[in-house]
Amino acid sequence: MDKEKITDAFITEAANILGDTDNGFTSFEISRCLLPYATKYNRDIPHTTPPFKKKDGTLVSNKRTALRENLQCFSNEELYIIIRDLCELQKFQDNQNVLDLKMKLFRDYSTLAPVGEIEEEIIGEPSHWLEIYHDAFLHYNKSYRKYKSHDAQLVRNTLDDARLALELLLKAILGNEKSLENQKSKLGEFIAQKGGTKEFSNMFRLLLNHYSNYQNNRIKHNENIAEAEITFIFELTTVFMRQLVRLNS
């Protein structure tokens with residue numbers, strides 16, 4: 001479930017992975033990579049030049065500790081951006097531990113992402129949250145590949161496949177064979193059982209109703225669709241599906 005505060009445990013894990021003795025930042029890289037963010041966000045970080053020292057002048061035990069103490073100077077929203085950016089550096093492109101760290105960041109703290117930002121990694125690599133729903137997973141990936149192709153002839157099928165993936169996910173989670181349009185009451189019961197508020201349930205079902213109407217009126221009849229709407233509808237499908245999987249976890 002998304003959190004609004006990055007925990008000390010996650011910051012420590014990030015520092016341990018990014019500052020790993022063999023595959024992480026060197027002490028000089030820690031200084032070079034964090035200083036621009038300290039300047040940008042007007043933060044005083046304790047360790048700017050190696051060798052890193054404590055206030056009493058003694059040496060910090062290791063570079064991972066120095067990195068952790070630097071990271072702890074930033075706000076949660078700033079940390080999200082910093083850790084994301086550090087994970088995406090060329091240095092770590094083949095580092096599985098860093099890739100896993102980035103996915104944890106996106107999975108658990110996406111509410112801290114900059115306004116309007118949808119993380120492509122979450123959309124593009126859904127196996128960690130959708131793979132157990134086999135049929136929905138297959139159709140979602142088909143939709144994603146078409147979406148990324150930017151081929152105008154594939155646009156309609158992109159949203160067709162996305163809609164079918166969502167419908168199959170609802171069937172799997174709610175345990176029935178109803179169409180998307182006929183899941184409203186069962187969906188409300190499901191959200192309530194999972195502790196969702198009445199307001200959230202009403203909002204979710206209303207959005208899903210508008211989504212279904214758009215699909216029926218535009219996609220099924222092959223009407224012209226603006227490119228911006230394609231992106232919005234595809235990303236909205238992803239948001240629906242991620243929330244359903246979260247509720248059912």
Side-chain angles (χ1 to χ4, degrees), residues 1-4 99-100 102-113 116-148 154-220 225 229-249:
M1 183 173 292
D2 286 341
K3 306 174 181 118
E4 295 182 355
L99 293 175
D100 290 343
K102 183 172 70 169
M103 294 311 297
K104 288 180 185 178
L105 179 74
F106 291 167
R107 182 193 66 202
D108 294 341
Y109 300 105
S110 61
T111 55
L112 296 172
E117 179 177 298
I118 297 288
E119 294 299 347
E120 185 174 292
E121 287 80 358
I122 289 296
I123 294 175
E125 304 209 15
S127 59
H128 69 290
W129 57 273
L130 188 57
E131 194 168 17
I132 63 172
Y133 303 96
H134 182 260
D135 291 340
F137 175 67
L138 290 179
H139 284 281
Y140 183 92
N141 276 339
K142 282 174 60 179
S143 175
Y144 177 73
R145 287 194 295 271
K146 294 172 184 176
Y147 172 73
K148 293 298 289 181
L154 296 177
V155 166
R156 182 179 179 278
N157 287 336
T158 293
L159 298 185
D160 269 343
D161 286 329
R163 181 189 187 283
L164 180 55
L166 175 57
E167 184 171 84
L168 291 170
L169 180 62
L170 278 166
K171 288 179 179 180
I173 289 177
L174 300 181
N176 62 45
E177 291 299 318
K178 293 184 178 182
S179 65
L180 185 64
E181 296 84 354
N182 295 312
Q183 293 284 22
K184 186 175 180 180
S185 61
K186 287 293 184 181
L187 182 58
E189 293 173 8
F190 168 75
I191 292 174
Q193 289 170 359
K194 297 298 181 177
T197 62
K198 180 180 178 181
E199 292 78 9
F200 176 80
S201 177
N202 289 341
M203 177 181 66
F204 194 98
R205 289 183 294 159
L206 180 62
L207 287 171
L208 192 61
N209 184 59
H210 287 306
Y211 172 91
S212 180
N213 287 340
Y214 180 93
Q215 288 274 5
N216 288 334
N217 295 330
R218 284 282 171 180
I219 309 305
K220 284 188 176 180
I225 306 166
E229 292 181 12
I230 296 167
T231 299
F232 175 79
I233 295 298
F234 183 80
E235 291 180 348
L236 182 60
T237 306
T238 302
V239 171
F240 281 140
M241 296 179 74
R242 286 190 66 207
Q243 185 60 29
L244 288 166
V245 171
R246 284 195 198 99
L247 288 172
N248 202 44
S249 62

What pair of heavy atoms forms the shortest contact from [X] to [Y], and how long is it?
{"X": "L170", "Y": "L187", "result": "CD2-CD1, 4.0 Å"}
{"X": "I173", "Y": "L244", "result": "CD1-O, 3.7 Å"}
{"X": "K186", "Y": "K178", "result": "CG-NZ, 4.1 Å"}
{"X": "M241", "Y": "A165", "result": "CE-O, 3.7 Å"}

Got [X] and [Y] here, is their nearest side-chain heavy-atom distance under 4.5 Å?
{"X": "Y214", "Y": "E229", "value": "yes"}
{"X": "Q183", "Y": "N176", "value": "yes"}
{"X": "T238", "Y": "Y140", "value": "yes"}

Using 0.5 Å steps for rounding, measure from the [atom1] atom of [X] to the [atom2] atom of [Y].
{"X": "F190", "Y": "F204", "atom1": "CZ", "atom2": "CZ", "value": "8.5 Å"}
{"X": "L168", "Y": "L180", "atom1": "CG", "atom2": "CG", "value": "10.5 Å"}
{"X": "R163", "Y": "D160", "atom1": "CZ", "atom2": "CG", "value": "8.5 Å"}
{"X": "K142", "Y": "L164", "atom1": "NZ", "atom2": "CG", "value": "8.0 Å"}
{"X": "F137", "Y": "L169", "atom1": "CZ", "atom2": "CG", "value": "12.5 Å"}
{"X": "F234", "Y": "D161", "atom1": "CZ", "atom2": "CG", "value": "9.5 Å"}

With sequence neighbours left out, write down each residue that passes side chain to side chain donor-acceptor pair (under 3.5 Å) with [X], or none if nothing qualifies.
{"X": "N248", "answer": "Y133"}
{"X": "S179", "answer": "E181, N182"}
{"X": "Q243", "answer": "R246"}

Considering residues, nucleotides and ligands other than K184, do more than 12 of their heavy atoms fall under 6.0 Å from its NZ?
no
Determine whether the aromatic ring centres of residues F232 and Y211 are separated by less than 6.0 angstrom.
no
Between L207 and V239, is the side-chain contact (heavy atoms from CB on, under 4.5 Å) condition met? List the steps.
CA-CA 11 Å; L207 287 171; V239 171; over 6 Å; no
With distance as the sole test, does S201 use its side chain to make a donor-acceptor pair with the main-chain N or O of I191 at under 3.5 Å?
no
Between T237 (side chain only) and I233 (backbone N and O only), is there a donor and an acceptor less than 3.5 Å apart?
yes
